[in-house]
Amino acid sequence: MAKIILVSTKVQSTTWQLAISLRSQQHEVTVLTSHGDVPPEATNGIEYMAYFKKWSVLEGLKIIPGLFGMQPHILHLILDDDRMNAAQVILSTFAKSHPSCVLTTSLLHIKRGLKKSNPVRYLVEESDIITFPTVESLAQLRGLNVRSKKQGRGILPPALDFKNQQQLGALDEDEVSLLTNIQDKEFFVLPFREGRFNPESDRFARLKMLARRHKVVLWGSYSHWSLRERKHFASWMEKNGCGDRWVVTGEISPHLSKVLLEKTVAFVMAGQQFTPVEMTEYYMRAIQAQSTLILDSKQTSVHADLWKNTVNCWVLNADSLHKDLVKLLERTNLSLPVALSEDWAQSSHIVDSSMNELNRLYNRALASAR
């Protein structure tokens, strides 16, 4: 049984599920987080320290004596992206100064890259254990001056959190109108996060292709576009025979998103770039609605154990998206043999696989530290 301190600026689902899983294995678990942050449910033996107000150097130095007076075996930093604050630098430095303490870092997203100007690069180099959300992201370790030849490396994707579901309120007038507009029609749902309209881009070419098959519901907003751009987009869709085959949702409630995902022919994510956290959020919503998912091969690297092409989802090759999408849309029916469900997504062999790997890395590092 190990004493483990999990450090996270915000206790999101990944941190909390990790804490619960570690506690269930009889480890002593402390969660160190921001002042005012509250646990999402009963702590059940997990010590919860909502301490940091500013995550400053001074706060980091003040907590060190008490924290390391606990004689932790593992200090585990969970970073939402490749940035770290002053207090995290202090905590990681003190962890490395204690030979019996295993410094572990989990990076949930790499946005800026591990350049020499980024202090996270040096945290990764000094860590005894490092986890990334996908196998592909482990490639970021190439070229780094990792201090320990025994550094443990593993995969820890953002957690699929089906427990803390949002309450579904009533649909407002605009949402009812949107549903009326598409009732009795077959439609695709696409996340819509385009910064601008570019008729030459591959993403808009695929959008047009989908709209020619079924109406497309663009889940998102284009209010940041200029009026001229919006008119240009509408004219372009009209010119391509899709004038009445698209609608932009704007900001919508969880209730409406669930209804749309339940009724859609398919939820099309393929060809768009998301962070692992964003992909996990979309996956959860699609699984809850038992949607048919169309993904690309890069996206399936997040929660890779979930996806079985042509069985519970459609997977397009990321290097030949256009060709694969044309071929898929030639099918008369996009139904799949198996619908993804919450029960299956939470089945023990999927949920526990990452935790078992992390435990193996913990045990190996602790054995080396003794």
Side-chain angles (χ1 to χ4, degrees), residues 171-253 256-257 259-275 278-279 281-282 285-286 289 291-299 313-334:
L171 299 178
D172 65 28
E173 194 174 306
D174 290 337
E175 291 177 329
V176 171
S177 175
L178 189 152
L179 280 180
T180 303
N181 180 30
I182 60 175
Q183 69 179 5
D184 303 324
K185 295 183 178 72
E186 290 187 305
F187 61 88
F188 293 116
V189 174
L190 289 74
F192 191 62
R193 300 141 47 96
E194 300 296 333
R196 56 186 289 268
F197 174 51
N198 178 9
E200 304 302 320
S201 79
D202 291 340
R203 286 196 297 274
F204 280 100
R206 288 191 293 271
L207 190 159
K208 177 178 64 178
M209 194 188 314
L210 290 162
R212 284 174 171 168
R213 171 72 182 267
H214 295 308
K215 188 161 188 163
V216 290
V217 175
L218 304 176
W219 180 7
S221 173
Y222 63 175
S223 60
H224 54 285
W225 290 10
S226 67
L227 180 59
R228 182 179 179 180
E229 258 189 322
R230 280 178 266 173
K231 286 182 176 180
H232 188 191
F233 175 59
S235 173
W236 180 79
M237 290 293 278
E238 181 75 39
K239 179 182 175 182
N240 285 284
C242 307
D244 61 346
R245 301 177 70 83
W246 64 281
V247 61
V248 178
T249 66
E251 296 298 321
I252 59 175
S253 66
L256 180 56
S257 68
V259 172
L260 291 173
L261 291 176
E262 286 173 342
K263 293 180 178 294
T264 186
V265 172
F267 181 34
V268 186
M269 294 177 62
Q272 298 197 47
Q273 292 186 338
F274 307 100
T275 70
E278 289 169 340
M279 278 192 282
E281 178 65 27
Y282 280 129
R285 296 202 188 194
S291 293
T292 295
L293 271 167
I294 300 178
L295 307 171
D296 67 47
S297 52
K298 289 182 179 178
Q299 292 168 344
C313 66
W314 298 105
V315 181
L316 311 182
N317 189 318
D319 296 324
S320 56
L321 270 176
H322 187 89
K323 177 183 173 183
D324 282 9
L325 183 58
V326 169
K327 189 175 180 179
L328 181 64
L329 293 179
E330 288 173 351
R331 302 178 69 95
T332 56
N333 189 347
L334 294 180

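A quick note: this is a predicted structure, and the numbers were derived from the prediction, not measured. Heavy-atom basis, side chains included; hydrogens, waters and symmetry copies ignored.
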Shortest non-hydrogen pair, E238 vs G243, comes out as OE1-CA, 3.4 Å
* Is the backbone of E173 close enough, under 3.5 Å, to the side chain of S177 for a donor and an acceptor to pair up by distance? -> no
Distance col, row S291:OG vs Y282:OH, nearest 0.5 angstrom, shows 13.0 Å
Contacts satisfying salt bridge (charged side-chain N to carboxylate O under 4.0 Å, His left out) that involve residues 189-205 (not counting sequence neighbours) are R193-E278, E194-R203
* Please examine the side chains of L328 and I294, heavy atoms only from C-beta on, and report whether any two atoms are closer than 4.5 Å. => yes
- If we only count heavy atoms from C-beta on, is the L293 to Q299 side-chain gap below 4.5 Å? no
### Query
Can you find a pair of side-chain heavy atoms, one from R245 and one from V216, that are under 4.5 Å apart?
no
Only residue of W246, W219, W225 satisfying ring pair (Phe, Tyr, Trp, His ring centres under 6.0 Å) with F192 is W225
Answer yes or no: is there a side-chain heavy-atom contact under 4.5 Å between P199 and W236?
yes
Q.
For F188 and L329: C-alpha separation, side-chain torsions, deciding distance, then whether side chain to side chain contact (heavy atoms under 4.5 Å, CB included) applies.
A. CA-CA 12 Å; F188 293 116; L329 293 179; 3.9 Å; yes
Do the side chains of H232 and R228 get nearer than 4.5 Å, heavy atoms only? no
To the nearest 0.5 Å, atom CG of L207 lies from atom CE of M209 at 10.0 Å
Rounding to 0.5 Å, atoms OG1 (T249) and CG (L190) come to a distance of 11.0 Å
Between side-chain atoms of residues 315-324 and protein atoms elsewhere (two or more places apart, or another chain), which donor-acceptor pairs fall under 3.5 Å?
unit_1, atom_1, unit_2, atom_2, d
N317, OD1, D319, N, 2.8
D324, OD2, N317, N, 2.8

Notebook entry, point to check: Think R230 forms a cation-pi with Y222, using NZ or CZ under 6.0 Å from the six-ring centre and within 45 degrees of its axis?
Noted result: yes
Check: Looking only at atom types and distance, does a side-chain atom of E175 sit under 3.5 Å from a main-chain N or O of S253, one as donor and one as acceptor?
Finding: yes
Which pairs would a plain distance check flag for residues 259-272, meaning a side-chain donor or acceptor within less than 3.5 Å of a matching protein atom at least two apart in sequence or in another chain?
unit_1, atom_1, unit_2, atom_2, d
E262, OE2, K258, NZ, 2.5
T264, OG1, F187, O, 2.9
T264, OG1, V189, N, 3.2
T264, OG1, A266, N, 3.2
T264, OG1, A266, O, 2.9
Q272, NE2, P191, O, 2.7

dist D296:CG -> Q273:CD (nearest 0.5 Å) comes out at 9.5 Å
Please say whether more than 12 non-hydrogen atoms of neighbouring residues, nucleotides or ligands are located less than 6.0 Å from NZ in K185.
yes
### Message
As a quick check of understanding, evaluate side chain to side chain contact (heavy atoms under 4.5 Å, CB included) for I252 and D174, giving each step before the final call.
### Response
CA-CA 9 Å; I252 59 175; D174 290 337; over 6 Å; no
Exercise for review: Decide side chain to side chain contact (heavy atoms under 4.5 Å, CB included) for L334 and H214; before the verdict, give the C-alpha distance in whole Å, the side-chain angles of both, and the deciding distance to 0.1 Å.
Suggested key: CA-CA 12 Å; L334 294 180; H214 295 308; 5.8 Å; no
CZ of F204 to CE of M237, rounded to nearest 0.5 Å, is 9.0 Å
The reported gap from CG in L210 to CG in L325 (rounded to nearest 0.5 angstrom) is 5.0 Å
Any donor-acceptor pair under 3.5 Å linking the side-chain atoms of S221 with those of E251?
no
Report task. Please indicate whether K298 has more than 12 foreign heavy atoms, meaning atoms of other residues, nucleotides or ligands, lying under 6.0 Å from its NZ. Result -> no
Let's go through L295 and M279 carefully: what are the C-alpha distance in whole Å and the side-chain angles of both, what is the deciding distance for side chain to side chain contact (heavy atoms under 4.5 Å, CB included) to 0.1 Å, and is it a yes or a no? CA-CA 10 Å; L295 307 171; M279 278 192 282; over 6 Å; no
